There are 2 protein chains.
Amino acid sequence: MALIDRTLDTIELRLLGMLQDYARVSQADMARTVGLAPSAVLERLRKLEARGVIRGFAAVLDPRAVDLGQLAFVAVRVSGSGEQEENAGARLAAVPEVLEVHHVAGEDCYLLKVRTRDAQHLGALLRQRLGRIPGVVSTRTTVVLETVKETSRLPLETRTDLKAVQGHEAVADVEVTP
Amino acid sequence: MALIDRTLDTIELRLLGMLQDYARVSQADMARTVGLAPSAVLERLRKLEARGVIRGFAAVLDPRAVDLGQLAFVAVRVSGSGEQEENAGARLAAVPEVLEVHHVAGEDCYLLKVRTRDAQHLGALLRQRLGRIPGVVSTRTTVVLETVKETSRLPLETRTDLKAVQGHEAVADVEVTP
DNA sequence: CGTGAAACGTAAAGGGA
DNA sequence: TCCCTTTACGTTTCACG
């Protein structure tokens, strides 16, 4: 797939930026902002989704409002063959309270991001659900006291943007002697 | 605010579930699914947003597609007064590549989730941007080799749901002798 | 990529349980 | 308070140029 690495143009970056800020923005608004027809915006969005650049659209909820006020990171040590290790990863990922599973460098094989109601429920999850997964040898938990920032918004390179600005609007503000 | 702890009913949980799965779902679709008029759905969504239950709607992008293929978790040790500590947290949070800043229990004050282009850029970020923040004493970085699961979807209690099903559809499938 | 028209969705007003 | 219907307006979608 040569397409997967195809670079994103200015318009696509601006569309992605708008969608990261507010996924329910209308195509018409995007069209007005980037100066395209709505149909062209729709086409670009479809292609971005097909290319896998856009993975999905998610509502972001307040964890406390759904009784998941306790956040923790859990380092899980796994023993056994590579196959058994992968299997443990998949079983960790299958737990709904486990929001993230990362395979990390170092002695602790997996790093998990976990949300539970409170510390008690966290303890129960560790012992009853995670600890019982075959291959899981030990866990080391870091409890989060307060979250200062939490976003999935990726910083989009504005380099292409700047280039384009220099090549279009900016030149209108500058004396050019041909 | 007594409203902040008000519990969510079955319909609200279903709306939130739909929005978590696909934030661009139309109100009309939600209305059909939960069996309400579109206007009632609109009203509920507005209240959920006003209550802060819904924090926002975000597009989820493939980090590699925007040249942020290197994920890492960074434990940051901070020295100084409580005020200086908070200030360091705010400055860490201001870095776009720093997606999350959590204040954690234990000797390492902050745990960060960071995305960069590659290991080189990660190193540069650590030295040039994070290391220069006043109060930051040291950092310990865990590099992610592979992400098995990464979602922001919170598991919603289906207990209320099940009750409702028992009270409605389920009874239709069951012999009831009055 | 844009146009145009049909199909569809949204949001506000008004009223009822 | 919560929900419904109605209605005017905006948006999405698709065939076509």
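Here is how names work: the chains are called A, B, and so on, in the same order as the sequence lines, proteins then strands, and each is numbered from 1. Note that the structure is a prediction, hence the values are computed from the model and not measured.
Take A/S138 and apply the side chain to side chain contact (heavy atoms under 4.5 Å, CB included) test, not counting sequence neighbours, and it matches A/R77. When the side-chain hydrogen bond (donor to acceptor under 3.5 Å, both in side chains) test is applied to B/R46, no partner is found at least two apart in sequence or on another chain. Remark: A/E150 engages A/K113, A/R115 in a side-chain hydrogen bond (donor to acceptor under 3.5 Å, both in side chains) (not counting sequence neighbours). Remark: B/H103 pairs with B/Y110 by the ring pair (Phe, Tyr, Trp, His ring centres under 6.0 Å) rule, at least two apart or across chains.
Residue pairs meeting the ring-ring contact (aromatic ring centres under 6.0 Å, His included) criterion with at least one partner in residues 27-66 of chain B, sequence neighbours excluded, are A/Y22-B/F57. Residue pairs that meet the salt bridge (Lys or Arg N to Asp or Glu O under 4.0 Å) test with at least one member in residues 134-147 of chain B, sequence neighbours left out, are B/D108-B/R140. Within the structure, side chain to side chain donor-acceptor pair (under 3.5 Å) pairs that include any residue of residues 120-135 of chain A do not occur (at least two apart or interchain). The stretch residues 79-93 of chain B participates, sequence neighbours left out, in no salt bridge (Lys or Arg N to Asp or Glu O under 4.0 Å) pair at all.
The span of DNA chain D lying next to chain B, judged by atoms under 4.0 Å from heavy atoms, is bounded 5' to 3' by D/dC2 to D/dT5.
Partner of A/R64 under the side chain to side chain contact (heavy atoms under 4.5 Å, CB included) criterion, out of A/D67, A/D62, A/L61: A/D62 alone.
C/dA7 atom P lies 18 Å from atom CG of A/L42, rounded to whole Å.
DNA chain C lies under 4.0 Å from at least one heavy atom of each of the following residues of residues 22-33 of chain B: B/S26, B/Q27, B/A28, B/R32.
For C/dA12, the OP1/OP2 oxygens have a side-chain nitrogen or oxygen of B/R46 closer than 4.0 Å.
Taking the C1' atoms of five terminal pairs at each end of the helix from C/dG2-D/dC16 to C/dA17-D/dT1, the two resulting helix axes are inclined by 30°, rounded to 10°.
Counting non-hydrogen atoms under 4.0 angstrom, A/A40 reaches the backbone sugars and phosphates but no base.
B/V60 belongs to no hydrophobic cluster, as no Ile, Leu, Val, Met, Phe, Trp or Tyr side chain comes under 4.5 Å of its own.
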